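Read through the structure below, which is laid out as structure tokens, and then see the notes.
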Amino acid sequence: MLRYSLVGAVLMAATPALAQTITEDEVRAAVGAIDTEAIIANDAHDRNWLNYGLNYAETRYSQLDAIDTENVGELGLQWSYSLNSDRGVQSTPIVVDGVMYVTASWSIVHALDAVTGEPLWVYDPEVPGDFGKRGCCDVVNRGVAVYDGKVYVGAFDGYLHAIDAATGERVWRVDTIENRDMSYTITGAPRVINGNVIIGNGGAEFGVRGYITAYDTETGEENWRWYTVPGDPSEPFENEAMEMAAETWDPSANYWEAGGGGTVWDAMAYDPDLNLLYIGTGNGSPWNQHLRSPAGGDNLFLASIVALNPDTGEYIWHYQNTPGDTWDYTSTQHIILADLEIGGETRQVLMQAPKNGFFYVIDRVTGEFISAEPFVETTWATAYGEDGRPIENPAARSKDEPFETVPSAYGAHNWHPMSYNPDTGLVYIPAQGVPLVQATDPNWELNSHRPMSTMSGVGWNLGYLFNVVAPEATPFGHLLAWDPVEQREVWRAEYVSPWNGGTLTTAGNLVFQGTADGRFIAYNATDGALLWQVPVTSGVVAAPNTWEHEGEQYVTIAVGWGGVYGLMQRATDRVGAGRVFTFRVGADAQMPEAEMSMRTELVSGVPYDPEHISAGLATYVSNCLFCHGVPGVNNGGAIPNLGYSDAGTLMDAEAWVLEGIGVDRGMPSFADKLTAEDVANLVAFIQGTADSLQPQ
């Protein structure tokens with residue numbers, strides 16, 4: 001395996017620490033005490049970080065206040081730890097009584113002494129390198145769950161692993177993928193509720209049917225599964241919800257053959273008093289509704305929030321953010337539960353700021369729509385009516401003309417977690433804009449590799465072409481403080497790039513966030529004043545956490561640039577391996593030296609036939625574009641931009657593309673789809689484009 005930045009690092013399934021500072025018995029006692037009641041009880045003090053979003057309400061608001069606006073400027077490095085990974089790091093660490101569990105890319109779990117950073121064990125689920133091609137958005141993982149002495153991780157290749165929290169040894173492993181001919185993955189963090197470990201899957205771009213599954217924490221046996229979209233209507237429906245959903249789909253295009261989509265790849269929240277699990281569902285398969293459901297329809301339960309009984313998987317209610325989604329406007333973004341004073345009445349609500357650019361407040365008891373207002377510019381819809389449905393711009397659904405969707409498919413807010421501070425009454429959103437123009441792909445066919453059909457060579461089923469005309473919007477990224485009651489912006493902090501990290505807020509009146517340009521920042525939560533910042537070794541996409549041990553408060557952030565935007569773009573030349581940083585007031589450990597990008601010059605000198613450039617462009621769009629980006633536009637993100645590669649790489653293109661020498665690092669072999677002639681055309685396009693950008 002060649003996945004690690006540290007040369008010579010060999011990680012076995014469970015690697016013991018060289019200097020273990022916490023005994024196995026201490027770990028076993030700490031994690032063995034964690035169950036649903038313990039996660040709820042932690043809400044009284046927030047000393048530990050026991051759930052992905054801290055608590056079941058997923059607020060990412062910590063009551064710890066030893067670090068506040070007065071002393072946050074005195075934060076220093078307590079320790080840092082290399083994750084030995086060179087792809088995206090999206091994990092929020094779990095911390096239990098001084099033990100930390102954090103994931104790196106390829107779903108590798110690291111157990112650490114949270115106070116010293118000393119490793120206790122490393123667990124590698126051994127995801128095959130060639131599985132990387134089955135995911136749209138990097139080989140990432142957002143974290144683990146802990147419960148009753150075990151650590152649970154959903155691996156990228158679709159297996160759910162239960163690991164002994166003290167030793168790092170596997171307890172059980174279960175396959176969550178119902179059909180391995182389909183490109184399902186897992187990137188999200190599991191949640192554990194009432195003895196069920198609950199996980200969804202990704203893969204809607206590739207043509208799959210979404211579902212979420214609950215497994216017994218002790219045995220791994222499946223307890224229930226709930227599908228998000230209906231299957232083949234000639235077969236019996238699994239439940240009444242699926243029968244209802246089928247009425248909102250046009251069967252004329254055989255939507256079930258493309259799966260329908262609706263994957264549950266991230267957001268979950270839980271209300272113990274109501275015993276309701278809230279999930280966010282994904283986009284359609286294919287994206288383009290004209291091809292997926294030609295007669296239209298809401299296409300339930302795509303782009304929806306759904307309430308389920310977590311013990312049985314029974315459907316309770318739903319609210320659909322984007323009826324008939326055709327823009328990849330997933331509703332898998334962070335869901336937060338809160339009680340808000342609205343119209344003189346305390347309402348039990350959930351809040352979400354999904355990709356479509358509107359901030360939603362929904363009654364979490366009944367699913368009743370309360371309000372939705374745009375938190376960024378939106379061109380696909382102007383507002384929401386009292387019926388909770390969007391007032392759409394008809395041009396946004398054009399079958400014939402390109403349309404610049406704002407927000408684009410990258411989202412006004414993507415997976416990066418937001419947070420809610422009940423003291424300020426504000427939600428802190430990593431808002432963004434990435435320009436994109438969509439146009440119907442007239443040549444699209446399900447699971448068909450066609451030149452110029454976007455990423456069809458690696459199995460994507462979109463039904464769209466992109467940027468056939470130049471976008472007019474400007475990229476942006478900012479931290480947005482949003483009042484969910486008045487539905488208005490209160491303050492913002494501007495950044496140089498989209499794709500900034502998730503947020504954490506605390507009772508110390510602070511907001512923490514990492515940035516795409518490689519900084520970790522603390523703001524005053526009330527007014528947005530910048531109070532502290534430190535450069536880190538890479539762009540940041542993950543969200544930080546905070547925790548307490550023996551009366552001392554710490555703040556931790558996992559760093560490692562990547563994700564779908566980060567694969568091909570970056571905002572800093574710091575390109576260090578994934579790394580965990582922990583800070584404490586008065587600590588003074590030395591920050592690690594940053595590794596700088598060596599991609600500084602456009603490739604030159606590779607021979608090619610200019611007449612092959614046009615064919616190379618068509619092959620590039622259908623196989624390479626969303627990983628390597630446009631050659632020479634920038635020097636690339638977590639994956640190299642080939643316009644900035646060295647000449648030897650292009651001269652060895654057949655080895656990379658056809659012989660699979662990069663498979664262990666996630667670069668697939670295209671031997672079943674491309675020929676030596678295709679590779680020569682690719683080289684002509686890459687080198688020809690680089691030549692056109694060279695100074696004259």
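Just so it is clear, the values below take in all heavy atoms, side chains as well, and ignore hydrogens, waters and symmetry mates. Bear in mind that the values here come from a model prediction, so they are computed numbers and not experimental data.
- Proximity of the aromatic rings of H110 and Y101 is defined here by a centroid distance below 6.0 angstrom, and this criterion is not met.
- Distance alone, capped at 3.5 Å, places no donor-acceptor pair between the S597 side chain and the V575 backbone.
- Taking a 6.0 Å sphere around CD of Q694, one finds it holds more than 12 heavy atoms contributed by other residues, nucleotides or ligands.
- By the 4.0 Å N-to-carboxylate-O rule, R134 lies too far from D157 to be salt-bridged with it.
- Using modelled atom types, no side-chain atom of S408 and backbone atom of T405 make a donor-acceptor pair closer than 3.5 Å.
- Taking the six-membered ring where the residue is Trp, the centroids of W460 and F626 are separated by under 6.0 Å.
- By the 4.0 Å N-to-carboxylate-O rule, D517 lies too far from R570 to be salt-bridged with it.
- Counted by atom type alone, D266 and H334 present zero donor-acceptor pairs between their side chains at under 3.5 Å.
- For M596, the CE atom counts as densely surrounded, since its 6.0 Å shell holds more than 12 non-hydrogen atoms of other residues, nucleotides or ligands.
- A donor-acceptor contact shorter than 3.5 Å links the side chain of T454 to the backbone of Y464.
- At distances below 3.5 Å, at least one donor-acceptor pair connects side-chain atoms of K355 with backbone N or O atoms of D328.
- Ring centers of Y184 and F206: at least 6.0 Å apart, outside the cut-off.
- Heavy atoms of other residues, nucleotides or ligands lying less than 6.0 angstrom from CD of E472 number 12 at most.
- In this structure, R519 is not positioned above the aromatic face of F512 in the sense of NZ or CZ being under 6.0 Å from the six-membered ring centre and within 45° of the axis.
- Looking only at distances, a side-chain donor or acceptor of W561 sits under 3.5 Å from a matching main-chain atom of Q569.
- Under the 6.0 Å cut-off for aromatic ring centres, H628 and Y620 do not qualify, their centroids lying 6.0 Å or more apart.
- Residues V89 and G578 come closest through the heavy atom pair CG2-CA, 4.0 Å.
- Not less than 6.0 angstrom separates the ring centroid of W79 from the ring centroid of F581.
- Aromatic ring centroids of W287 and W327 lie 6.0 Å or more apart.
- Under the 6.0 Å distance and 45° angle rule, R599 does not count as a cation-pi partner of Y644.
- Note that OG of S456 and CZ of R450 are 8.5 Å apart. Values are rounded to the nearest 0.5 Å.
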